[in-house]
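Below is one structure, written out as structure tokens; the observations come after it.
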Amino acid sequence: MFDPGKLPVEVVQILDENGNGDERQLAAFSDEWLLRAYREMRRARVIDERLLRMQRQGRIGTYAPFSGQEAAQIGSALALHKDDWIFPSYREVAVCLMHGMPLEQFFHYVQGRLSGKRMPEGVNIFPTQIIIAAQTLHAVGCAWASKLKGEPHVSVAYFGDGATSEGDFHEAMNFAAVYNVPVIFFCQNNQYAISVPYRKQTASRTIAQKALAYGMKGVLVDGNDVLAVYETMKQAVEAARRGEGPMLIEALTYRLGPHTTADDPTKYRRPEEVETWRAKDPLRRLRLLLERRGLWTEAQEDALVAQVNDEVTAAYEAAIASKSGSIVDVFDYVYSEAPTLLAEQKDEVMRRKQRSGVR
Amino acid sequence: MFDPGKLPVEVVQILDENGNGDERQLAAFSDEWLLRAYREMRRARVIDERLLRMQRQGRIGTYAPFSGQEAAQIGSALALHKDDWIFPSYREVAVCLMHGMPLEQFFHYVQGRLSGKRMPEGVNIFPTQIIIAAQTLHAVGCAWASKLKGEPHVSVAYFGDGATSEGDFHEAMNFAAVYNVPVIFFCQNNQYAISVPYRKQTASRTIAQKALAYGMKGVLVDGNDVLAVYETMKQAVEAARRGEGPMLIEALTYRLGPHTTADDPTKYRRPEEVETWRAKDPLRRLRLLLERRGLWTEAQEDALVAQVNDEVTAAYEAAIASKSGSIVDVFDYVYSEAPTLLAEQKDEVMRRKQRSGVR
Amino acid sequence: MIEAINEAMRQEMERDPRIIVLGEDVGENGGVFRATDGLLAQFGEGRVFDTPLAESGIIGTSIGLAINGMRPIAEIQFLGFVYQAMDQLAAQAARIRFRSAGRFSCPIVVRSPYGGGVRTPELHSDALEALFTHSPGLKVVMPSNPYDAKGLLISAIRDEDPVLFLEPMKLYRAFRMEVPEEPYTIPLGQARVVKEGDDVTIIAWGATVPLAAKVAAEMEAKGVSAEVIDLRCLQPLDFDAIIASVEKTGRVMIVHEAVKTGGFGAEVAALISERALFSLSAPIVRIAGYDTPYPVPSVEDDWLPNAERIVEGIETLLRY
Amino acid sequence: MIEAINEAMRQEMERDPRIIVLGEDVGENGGVFRATDGLLAQFGEGRVFDTPLAESGIIGTSIGLAINGMRPIAEIQFLGFVYQAMDQLAAQAARIRFRSAGRFSCPIVVRSPYGGGVRTPELHSDALEALFTHSPGLKVVMPSNPYDAKGLLISAIRDEDPVLFLEPMKLYRAFRMEVPEEPYTIPLGQARVVKEGDDVTIIAWGATVPLAAKVAAEMEAKGVSAEVIDLRCLQPLDFDAIIASVEKTGRVMIVHEAVKTGGFGAEVAALISERALFSLSAPIVRIAGYDTPYPVPSVEDDWLPNAERIVEGIETLLRY
Ligand SMILES: Cc1ncc(C[n+]2csc(CCOP(=O)(O)OP(=O)(O)O)c2C)c(N)n1
Ligand SMILES: Cc1ncc(C[n+]2csc(CCOP(=O)(O)OP(=O)(O)O)c2C)c(N)n1
Ligand SMILES: [Mg+2]
Ligand SMILES: [Mg+2]
């Protein structure tokens, strides 16, 4: 009898909520690394907060904020090589920025422009996936190709707790294990799929244990501890690169904000719950450690925030200033070459555009 | 870390390959019960062999034989109440016969008649599912309805090892556990999905452990031991009836014949492998036990075989003799009432039929 | 319109205890558009279910619920996600009656918002009705205003067949319209003449109906008398209403949001060219989404059928 | 035809090491119809993969393989199972180019047997091409004979877009036809005039082409000159070939196996009624599957388009 009640559950943690941890384990992280991780998380938080505000001001379209999930995103992305492949959902903005997505491009995206969809050449990020869990299969295929070509790159599928309920997640996990390909399934369990809480999503105590169904290893990590996330991810990535196959990582975290700017979380969760999680904020605990080590001051914080704010403003303005695409462009990205009937439609649109002048 | 390599694996077995077992455990089964189980398995085997032969003679259409899986099918079906619901795939002929499907109706089915699709009123068997794993969701919904209505019936989804790779299986397991509904997932792991062997299907050592991904219990049972299958199934069914929710049962067995009559298994498996499994035949081991107890003779065997053969012949002839449906009937089962354009098509067909006479 | 839909479900749930509601975020949250708002509070956890995130699971379990005596109303959060449930809809729900030669039926309603013009992310705006009108066994209903939405949804809920009920997202809050408080039904398969006219027939459904009606009203001022027909239901289809109008005007325009090629407009045009060919005095015009994926928000208004394109189409028709 | 398909894959795999084959039972077993027979033996376990039983998984991983430089040929064992992969085909593969604004393309070929007349169980005979011709970004190819099958498949494999390659199961072993040994291509999007004629145009694809050709030949003896056009590709569509023939004959019949309502025949009829209306001297006739689920083997021959129905249709057309 396989009894889920008897599975031992451990959570990997290095830095606790108050910035404390086992000194021997902490010693593995250089000051430089700690500063970098903190700076990246702070940058991500500032960008997220700005984007949220800009959406409220009507400057950008619907936006899915990630505040609270910085450690999971930055910690995992820090463990990757530039040539590794990332398959994000809509919430992995911090991951994408770390992995080379220009901030200006993201503005194109949230302004609903076609140009927002094109990653620069050489940035190995697959277009943001809207269909929950569909990208997990693409990541497996991509990793499979790396393996067949003998290339050392790892693919990472990012997804949420809700995504684990979809059939595609299951098929992806199974294919990955059967073909033993270098893919990491990185789940940010932020406790909610829009309004649906974890306990309504699955009766499984953890997501990590779902790996057992595929003969795969699964790890549960404190997703608000950037050190633990990095360490876990690094080990998984190295194992995958060595040909040891896929792994599932569950990063336990929390979405502090709404699901998207169209969502009102007060409909489905109590403020006290949010407060409990605020105490576990990933930035706060690392900052406590840095301060204790005398590595970070209020002045540095202010300077960083100001700098990122300028960066955001500049990126936004550059996006606004660049020419917006038109309906005409749409026809160019359907096939390698537009079939006759489609080309006719494009002509019709161009004629109409010309007649009515540039709008 | 959840490490699949560390999961202990046990197989429930009561009767071993040579018909031996722990006497205390065996004592729980009455002679009557043992005889009934044997008779049903023998009947199933005779029917299966006849159907296979009839297909080779061109008397019936494509057929998916189940020889080797009698213990799994009969053992599980014996543990059910008539009001319980069964959701079979194409291979659960023995289950369906046990649960009330008239043999004659099955002949209608394999002769490709519409009438073969209609279970008699009161027989709670859902139409044979062709789309692998799709029925697992129907079983969950049906069990959910029983729970909502406060009825004590259990639903059973039957499927194979291959089916566990489909997204629908995953979604069904997850829904079942989340809503804690009285459904049993009964997997006959017969080692192959057409030509694909178990090891290419999943990297998981067992199917039973897949239950852990859903916070569900999973049991691995020797599927060629009708006593173990019955006992395991009975416990699962009773627990479900008590409101303790779903369970996954993996019955380890083997498909001795081809996938279907259109399949040539010599393309993908060696005769020695089949021989190994023949030694584990579910009928043989129970017969050895019966004989040791002096409950069964060659004469009884011959009489039973003859009787079932007569039964098959009679059912076949009755099916042949009954009027075959025509294309006209097809239009009556699309909607509760045929929309105008569909009714027109029916008229067209009837006119054509009349003009060309009954063909 | 969203209130009319909510009211229809509430009243039917009061009438029939077998009706349950399930889907993603339909419970506490009341649906991402508030279509199911208040239902959990009124009917409790035994009637309204937040499901795991799995569309095939939602439809597949609904089938099992239906054959065992329940009447599920399932929500697919946006129609673009229905691809995940195609097998359960088109190969399972649609064929239960057929597969069991009438022993079982599958009375489920699948509600889903669809359509563009509201600046959604990718795959939230697709109009995919044609996938289902090509799937025998399914009924397909597409209301264009609150009154119809309520009456058609109640009919759909009471229907013995699986019904796909597609709600034009853009119209959810576009109307102020008095809707009778008491429950009422509108038979599935009856088109509605939105506006009578003699010169041109405009056939539309769902989101494009108010647009067509508006353009028709404007054209009236210019001396063009356009008849506007709201199909309301694509399956069953009120073919008589179409033919009657075509015979009167001889000029036909079909307006839908789905991509043109293989859209349901093709079927309407084909039926006309089969049964009323000689009534036509001009080639049939289809105004539809272009043959591309639904585009990005910044250009969607130019992609969707709009007044400009409809006027152009009418002018083309009148040239004959 | 099955040999031609096998040969096309083999020769292309010899040419291009990026090509791999994956699907259920395509390895050891060589495919349930032997389409991939011998490929595993020749190219080994690094090029030919028996996959787990999961259609969405097959297409979804093929996409990932393709964007990272491989050229996967995926098999869906029977087209009726493609519903399970609808999202990965219509919402993913089809939109990769669009979604990445041209950064990525998705050169995969999805082969699948389809069509009736061979006494299969349920959901093994469905003709579902219309689901994909309504999904921009996909190409849809449907050969009707061994020569075309080889040339079209090689083109599909070399194409930069996702191609759905639908093989009429009934024709797998229906021909003895000499097929050139060397690799050759037939451009996607060119119809073929199977037989010239002046009185009636019969438009068909895939399985119905030989049937239409046979009836046309028989009608010739009765003094009716029917032109038969094999579309070969539905997307891109050779619309010029259709118009040219319609302008010549003025009488059009479309023959396909898929259910009539919403089938690709509707699109062809709609296009004609849009662009060649005044060339028509008779209403367009569609001979297709009826609007029911594909039926049981005992009655399928009466359900499918057959000679009797085609002759009837021609007689109807000639009455005008
Ligand atoms: C197939 C599909 N179904 C439903 C949705 C609508 N939807 C968007 S986000 C979301 C919740 C996702 O939850 P989770 O996977 O936990 O990710 P999170 O948003 O928490 O990061 C839902 C239901 C979708 N985009 N795709
Ligand atoms: C969705 C789907 N994919 C593929 C098939 C074709 N097919 C029929 S049976 C089968 C193998 C099933 O294997 P398993 O689940 O182990 O059941 P078994 O046949 O061994 O009883 C396959 C691939 C199908 N019927 N449905
Ligand atoms: Mg989440
Ligand atoms: Mg099997």
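Lettering of chains follows the sequences in order, A, B, ..., and the numbering in each one begins at 1. None of the values given here were measured: they were computed from a predicted structure.
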Given a strict heavy-atom distance threshold of 4.5 Å, which part of A/L7 is in contact with chain B: side chain, backbone, both, or neither?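 For A/L7, side-chain heavy atoms alone lie under 4.5 Å from chain B.
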Return the set of residues passing side-chain contact (heavy atoms from CB on, under 4.5 Å) with B/A71 (not counting sequence neighbours), or none when no residue passes. B/M41, B/V226, B/P282
Residue, of [options], that accumulates the most heavy atom pairs under 4.5 Å with chain B:
{"options": "A/G218, A/A177, A/G245", "answer": "A/G218"}
{"options": "A/L220, A/V178, A/V221, A/V219", "answer": "A/V178"}
{"options": "A/P8, A/A208, A/A213, A/A176", "answer": "A/A213"}

Measuring heavy-atom distances to chain A, does B/M216 have an atom under 4.5 Å in its side chain, in its backbone, in both, or in neither?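 Just the backbone, heavy atoms under 4.5 Å.
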Please classify the contact between B/A211 and chain A as side chain, backbone, both or neither, with a heavy-atom cut-off of under 4.5 Å.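 For B/A211, no heavy atom lies under 4.5 Å from chain A.
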What is the minimum heavy-atom distance between B/F2 and A/V9, and which atoms define it? CZ-CG2, 4.1 Å
Is there any N or O donor on one of chain B and chain A with an acceptor on the other under 3.5 Å, and could you list each such pair with its distance?
from, atom 1, to, atom 2, distance (Å)
B/F2, N, A/G218, O, 2.7
B/F2, O, A/G218, N, 3.0
B/T164, O, A/H170, NE2, 2.7
B/S165, OG, A/N174, ND2, 3.2
B/G167, N, A/E171, OE2, 2.7
B/H170, NE2, A/T164, O, 2.7
B/E171, OE2, A/G167, N, 2.7
B/N174, OD1, A/T202, OG1, 3.3
B/N174, ND2, A/S165, OG, 3.2
B/N174, ND2, A/Q201, O, 3.0
B/Q201, O, A/N174, ND2, 3.0
B/T202, OG1, A/N174, OD1, 3.3
B/Q209, NE2, A/L212, O, 2.9
B/K210, NZ, A/A213, O, 2.8
B/L212, O, A/Q209, NE2, 2.9
B/A213, O, A/K210, NZ, 2.8
B/G218, N, A/F2, O, 3.0
B/G218, O, A/F2, N, 2.7

